[in-house]
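No experiment lies behind these values; they were computed from the predicted model shown. Computed from heavy atoms alone, side chains included, the values below leave out hydrogens, waters and symmetry copies.
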Amino acid sequence: MKLKLNILNAITAVKSKWYYIAGCLTLSLFVAAAYLYFIPALYKAEATVKVAEQNSQNNKVNKTATDAEVLKSRNMIEKAIAGSDLNVVYYSRHLMQTKEMFTNAPFKVRFKTDDATFVSQSFSIDLNDEQSYTIRYQADNASLTRQNNFGKELDLGFIKLVIEKSNYFAFRKANDNTSYAFTTYSAQALAQELRSKNYINVTPVGDNSGLVKVAVTYPNADKAAKLANAIAFNYGKNEMSNNEALVSANLSVINAQLDATGSDINKIQSDINAYKFENKIVDMPQETQAGLQTLGQLQVQKVDVDMQIAALDNMSNYLRSNRHVNNIAPEYGTVNDLIYTETLLKLNDKAKERQRASEAGANVVAIDKEIDALKENLAESIRNTRKKIAVKQEELAVAMTTARNTILALPEKQGELQQLERSLYLNQKIYDHLIEKRAEAMVAAPI
């Protein structure tokens with residue numbers, strides 16, 4: 001009886017407050033509808049790529065995992081979108097809803113810029129009539145407006161635009177309350193944008209298939225499909241084997257180190273399991289883990305510094321053996337020095353200029369002088385960079401000695417296990433670092 005009274009009281013309370021409940025339900029439905037209206041839907045496109053064949057099954061698995069990383073790297077995405085119409089993103093806004101357009105945009109934009117620091121630039125555009133348009137943009141903290149005709153180049157100083165009507169232009173009216181905008185991106189900036197928003201995901205298909213799946217999730221279905229196909233096509237067009245031939249000097253060393261390090265890891269893991277079982281050891285002290293982590297980071301830095309020294313030595317040997325040959329200098333590896341990198345890029349650009357001039361029958365004496373000067377500058381940059389890296393090597397050696405001494409000071413009871421754990425950790429860090437370096441070398445083919 002008491003339960004029945006409680007139920008009746010609850011029903012009465014609900015009836016007396018029905019407008020509150022109705023209001024909450026209405027608000028919830030409104031919020032859900034607004035979310036569905038303003039948040040764009042995402043579309044997924046997939047492409048499957050077969051990696052280059054390997055001699056052994058183990059190498060095949062490693063190659064598949066490595067190429068999956070290569071396919072979603074920034075360099076690979078940059079190459080895939082270079083020269084395409086993906087560098088311009090189009091938007092329409094109607095009834096407070098912004099949508100990205102692609103194939104259905106009423107106009108198409110081509111642009112070029114000589115500014116090496118250019119990242120991106122956003123514009124809003126009014127389609128005035130059949131012949132002209134007006135754009136608005138921000139530059140140097142100022143709002144600027146320019147008018148031009150369709151199909152005619154518009155020079156804004158930092159960028160040159162050509163805006164043309166598309167096939168959809170005739171079906172749209174300039175006064176239908178729909179506004180338009182577009183953003184131009186450099187290849188580097190667009191690749192970084194796609195990676196930062198996790199639009200692109202690349203994963204191996206199974207363990208031994210040798211296949212890699214490229215999945216692109218994007219607010220525009222047509223663009224998602226084009227991105228997936230562009231990445232897959234670029235991989236097939238460049239053929240990783242071609243890149244391997246171009247960077248064989250680096251890859252042969254890295255692959256040898258990977259094989260040796262992988263064997264060491266397997267042996268150390270077996271030794272650790274046997275030692276823990278014999279001594280009934282479950283975990284390592286927190287202090288040991290901190291010391292191992294510090295030493296591992298230092299070891300990775302040392303590998304990176306050693307590879308930079310090797311790259312500088314290779315470049316020095318190249319300059320000595322090609323003193324009178326005006327050809328393009330190869331990129332032997334990543335060197336973290338801005339002056340060195342800029343000088344090498346200038347040298348290669350000048351070598352390309354000489355090749356074009358030579359093919360055209362022009363006089364190349366002046367260009368040869370500039371090339372010789374750039375080679376001297378590059379040699380000087382190599383010497384200076386080598387000095388700085390040598391100082392870094394000395395600092396790392398001192399830091400590694402200190403870290404090792406800290407680990408050796410730990411209780412003697414677990415000394416053997418610490419040594420094994422340290423060796424395993426260092427080898428795993430080096431193995432992961434070498435995998436990254438191999439992926440970078442396969443994408444960054446010589447200039």
Under 4.0 Å between a side-chain nitrogen and a carboxylate oxygen: does that hold for [X] and [Y]?
X: Arg136; Y: Asp126; value: yes
X: Glu342; Y: Lys346; value: no
X: Asp271; Y: Lys267; value: yes
X: Lys350; Y: Glu370; value: yes

For residues Tyr90 and Tyr180, establish whether the separation of their ring centroids is below 6.0 Å.
->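 Not under 6.0 Å, so no.
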What distance do [X] atom [atom1] and [Y] atom [atom2] have between them, rounded to the nearest 0.5 Å?
X: Arg386; Y: Gln393; atom1: CZ; atom2: CD; value: 7.5 Å
X: Ser270; Y: Ile265; atom1: OG; atom2: CD1; value: 12.0 Å
X: Gln121; Y: Leu161; atom1: CD; atom2: CG; value: 9.0 Å
X: Tyr133; Y: Lys165; atom1: OH; atom2: NZ; value: 12.5 Å
X: Ser120; Y: Ile159; atom1: OG; atom2: CD1; value: 9.5 Å
X: Asn149; Y: Ile163; atom1: CG; atom2: CD1; value: 11.0 Å

Between [X] and [Y], do the side chains contain an N or O donor and an N or O acceptor separated by less than 3.5 Å?
X: Glu100; Y: Tyr218; result: yes
X: Asp115; Y: Thr113; result: no
X: Ser143; Y: Gln138; result: yes
X: Thr98; Y: Arg93; result: yes
X: Asp129; Y: Ser132; result: yes

For [X] and [Y], which heavy atoms make the closest approach, and how far apart are they?
X: Phe111; Y: Phe118; result: CE1-CE2, 4.1 Å
X: Met101; Y: Tyr91; result: CE-O, 3.5 Å
X: Val88; Y: Val109; result: CG2-O, 3.7 Å
X: Asn87; Y: Leu190; result: CA-CD2, 3.9 Å

Out of Lys160, Glu164, Glu153, which one pairs with Arg110 under the side-chain contact (heavy atoms from CB on, under 4.5 Å) rule?
->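 Among Lys160, Glu164, Glu153, the one that satisfies the side-chain contact (heavy atoms from CB on, under 4.5 Å) with Arg110 is Glu164.
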Does NZ or CZ of Lys108 fall inside the cone over Phe102's six-membered ring, less than 6.0 Å from its centre and within 45° of the axis?
->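 Flagged: Lys108 positioned over aromatic ring of Phe102.
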Member of Asn148, Thr145, Asn128 meeting the side chain to side chain donor-acceptor pair (under 3.5 Å) criterion with Thr134 =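 Among the candidates, only Asn128 passes.
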Can you name the salt bridge (charged side-chain N to carboxylate O under 4.0 Å, His left out) partners of Lys387, sequence neighbours left out?
->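 Counting only residues at least two positions away or on another chain, Lys387 forms no salt bridge (charged side-chain N to carboxylate O under 4.0 Å, His left out).
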Non-hydrogen side-chain atoms of Leu156 and Tyr137 separated by less than 4.5 Å |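 They are in contact (side-chain heavy atoms under 4.5 Å apart), so the answer is yes.
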Run the side-chain contact (heavy atoms from CB on, under 4.5 Å) check on Lys429 and Gln299 step by step: do they pass?
-> CA-CA 8 Å; Lys429 293 291 288 185; Gln299 185 69 32; over 6 Å; no
Indicate the ring-plane relationship of Phe182 and Phe123, choosing parallel, tilted or perpendicular according to the 30° and 60° boundaries.
->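 If you compare the ring of Phe182 with that of Phe123, the planes turn out parallel.
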